[in-house]
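Accompanying notes for the structure given below.
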Amino acid sequence: MDTTYNPQAVEQEARDYWENERCFEVGEDASKEKFYCLTMFPYPSGQLHMGHVRVFTINDVIARYQRMQGKHVLQPIGWDAFGLPAENAAIQRGVPPAKWTYQNIEYMRGQLKRLGYGYDWTREVTTCKPEYYRWEQWLFTRMFEKGLVYRKNSVVNWDPVDQTVLANEQVIDGRGWRSDALVERREIPQWFMKITAYADELLDYLDRMPGWPDSVKTMQRNWIGRSEGVELSFDVDDEDEPLTVFTTRPDTVMGVTYMAVAAEHPLAVKAAASNPDVAAFVEECKKMQAAEAALETMEKKGMPIGISANHPVSGEAVPIWVANFVVMGYGTGAVMGVPGHDHRDWEFADKHGLPIVQVITPADGSEIDISEGAYVEYGTVVNSGDIDGMDYRQAFDAIAEKFEAEGRGKRRINYRLRDWGVSRQRYWGTPIPIIYCDDCDAVAVPEDQLPVILPEDVEFTGVGSPLKGMPEFLETECPKCGKPAKRETDTFDTFVESSWYFSRYASPDCDSAMFDEREAYWMPVDQYTGGIEHAILHLLYSRFLQKVMRDFGLSAADEPFTNLLTQGMVLKDGAKMSKAKGNTVDPRPLIEKYGADTVRLFMMFAAPPEQALEWSDDGVQGASRFLRRFWNAVHSHAAEGDAVAVETDALNDEQRDLRRKTHRTISKVSDDIGRRYTFNTAIAATMELLNAVNRFDVSTAEDRAVVREALEAVVLVLSPIVPHICHKLWHVLGHASAPVDERWPTFDESALQQDMIEIIVQVNGKLRGRISVAADADTDSISALALADKNAQRFVADKKVRKIIVVPGRLVNIVV
RNA sequence: GCCGGGGUGGCGGAACUGGUAGACGCGCUGGAUUCAAAAUCCAGUUUCUGAAAGGAAGUGCGAGUUCGAUUCUCGCUCCCGGCACCA
């Protein structure tokens, strides 16, 4: 027998077995406990990168582990196939986006198979295919009927040279990536999904999701940003319409020293008509980006528009400013400036010489200096007449009641969350199923006319959507009145496809409905794994559409993902690996050189899944070396022939030690993989066990028996991580079965027992010695042994022992 | 700017509930094997001090709580992710 480890041959053999036996194709078996194990599906960018390898391997390990626990496991895969890179490739290389995408999928599918992931390939979904997006269009028309979608104007990045809408990613330092022109804000009509209608439920359910990391839940909570406040109206000189603002701090209303409105606000527009300076400023505000990060970090600018509001309590005149950091689309497009008690207002007032008034003082009576910076904590109201001395809550209620009584205000719950704009002015996406009729306005495409198929054979130039120049797509008739009408040429945000694909895997071939009864068997997803960069948008949109689908009677699940594992990024040179940055590492040459198992092992060993992993080519060799040692250890053991079963009562100390190590390792690895997801420590533990086996001198049949037990344990517990080599070595150890069909090993509690244990001796918290004590020794005898320790005595000397702390099984601390 | 996460040897990381800091691996150094190399095997490897036993310091920086802090609290700093049109 050839006993040299040849990964290519070993891996081919295992792959053939899984494929021929259809190991990972699963049906719906009501008698078994299901486990739906999913990763965020990949964008088919052209080749698998290390981030993919990491997340897919994590998921495959969990899936294979759960299978060995006896669960009925589904692990599907598919393609998030619409998106911007296909259009960029089309511009750069002249390949139509569809062709480019399908080629990439073809190639990447081969790479995934080569890595040995246990996917049910019969359920593969591809979002750019009509049989997939048809149901997305159908869902949208249902939402349209129910009033969950609507159209309104909103801001996009406009490239005035290329005459096109840019993604935030395509705006570099405020300029278009290709034209280098200064990007402008432009308002266009777009479709929105009413995610805010579900804001409270999306928020409340976070408290019932113990399987999600706290960090992700916190981010989503903050993103939704529920706040209680008061909407207040300020009368404006010579205007019929009052100026309305929302504030969470009505207790500071007497500290208002100015008002600020957005450049697009009617008051600013009106002032601009007669004041050239204001007009120039309003114009300047258009040269801004749409991204919030850009808005928040830019220089805060503003100017008075020459009119005043009347303070609703004091009656004093409050100057109105136009400011670039106030945005028309959010809230009322106006804010009240309380520089004494808001950081941003303070900075703005300080810069423009506006008065800063203190109306809150710390409740504990301490002194603050408002000229040094804003005091934003809750406190006691001062300098505010009737409400002086009140705390936050009292003042809030007093002001709210007063304004409600006067009809100039009302209590309101406000959300930071905004409705989801789903329109994209792009070609390579799901067509929005809407028809515009001069008489009937926007009409949803009727169900029997779906799908609206995206033409794939197009000339793609990058200037505007090719759909606009295709009468055969554009021209249609109104479903309501039959008159000539035009189709919507915008397509969906690709987040729409990724917000329901997880349910489609349950019944990917269903052509009569979005889902069939198989959805109820598999949903919700038991384990979902993906990049931390999706903590908010993708995961929130998916939760939202799941609730919509539930309310439409399509699903019984309230939440799509029961347990969430957010994997850290794979970084290269300190930056996220991405095609755009050109810092990807191609796994292919590594797989060719070392095999898939080595790549999988290294990925899982290099860092725990939640942490960012800085890629380095060093260390892959170490993984390969370990697999060879593993291979050789099993082969040299097997070459000696069969082993007898372990006689637990007849073991000598060395045999008992190895057996304890074996069972400790099974216990630790089970916990590391099953509960903690710390695959790196699971691997470290099995390396230790294998090192112990290699050091162990074998001369008797009993020696061989404990070694056999150890090696079988290593093969089984490593099989989810390095499945190919374990598939082979399991046979080498004389088994006819395959590890994928084996049960996970259990540990023998009695093997873990130890008569004597080592505990450490501290004096004043510093390590001074070690003592060996009986495992069941009591506190007093442990203290006595510790005090008798020679080195400990040097530090105790003649000092008075004040206290002795005994931590059972661990340490003794003598305090002098 | 705001929200979330992170900082431990030359490197990746371990220490799970406040209890031996540096498991495991990489790299490096020395040795064995070899004509030689690769591969493999053995030993060493936080820093300073010491022949050794041992001692001192040490987990981004500064304080605090505790018998005891990588772990908890406060302040700072640097790095990473997200910020609604990258996916």
Students often get this wrong, so: under 4.0 angstrom with heavy atoms, is [X] touching a base, only sugar-phosphate, or nothing?
X: A:S215; result: sugar-phosphate
X: A:W223; result: base
X: A:F795; result: sugar-phosphate
X: A:Q611; result: sugar-phosphate
X: A:R424; result: base
X: A:E347; result: nothing
X: A:V165; result: base
X: A:F626; result: nothing
X: A:R770; result: base
X: A:A293; result: base
X: A:N791; result: sugar-phosphate
X: A:P608; result: sugar-phosphate
X: A:F605; result: base
X: A:K668; result: base

For [X] and [Y], which I'm curious about, is there any donor-acceptor pair between the side chains at under 3.5 Å?
X: A:Q220; Y: A:W212; result: no
X: A:Q567; Y: A:Q611; result: no
X: A:S154; Y: A:Q190; result: yes

Answer yes or no: side-chain N or O of A:E533 and base N or O of B:rC80 forming a donor-acceptor pair under 3.5 Å.
no

Quick one: which of A:F492, A:Y133, A:Y132 gives a ring-ring contact (aromatic ring centres under 6.0 Å, His included) with A:F82?
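Only one option passes, and that is A:Y133.
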
Suppose we call two aromatic rings close when their centres sit under 6.0 Å apart. Are A:F41 and A:Y501 close by that rule?
yes

Strictly below 4.0 Å, heavy-atom distances to any atom of RNA chain B: list the hits from residues 687-696 of chain A, or just say none.
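Within this stretch, A:M687, A:E688, A:N691 sit under 4.0 Å of the strand.
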
Out of B:rC85, B:rA23, B:rA84, which nucleotide sits closest to the side chain of A:E292?
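Closest of the options to the side chain of A:E292: B:rA84.
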
With C1' as the reference atom in both, quote the distance from B:rG82 to B:rA14 in angstrom, rounded to an integer.
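Approximately 29 Å lies between the C1' atom of B:rG82 and that of B:rA14.
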
Under a 4.0 Å N-O cut-off, is there an ion pair linking A:D493 with A:R424?
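Yes, charged N to carboxylate O under 4.0 Å.
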
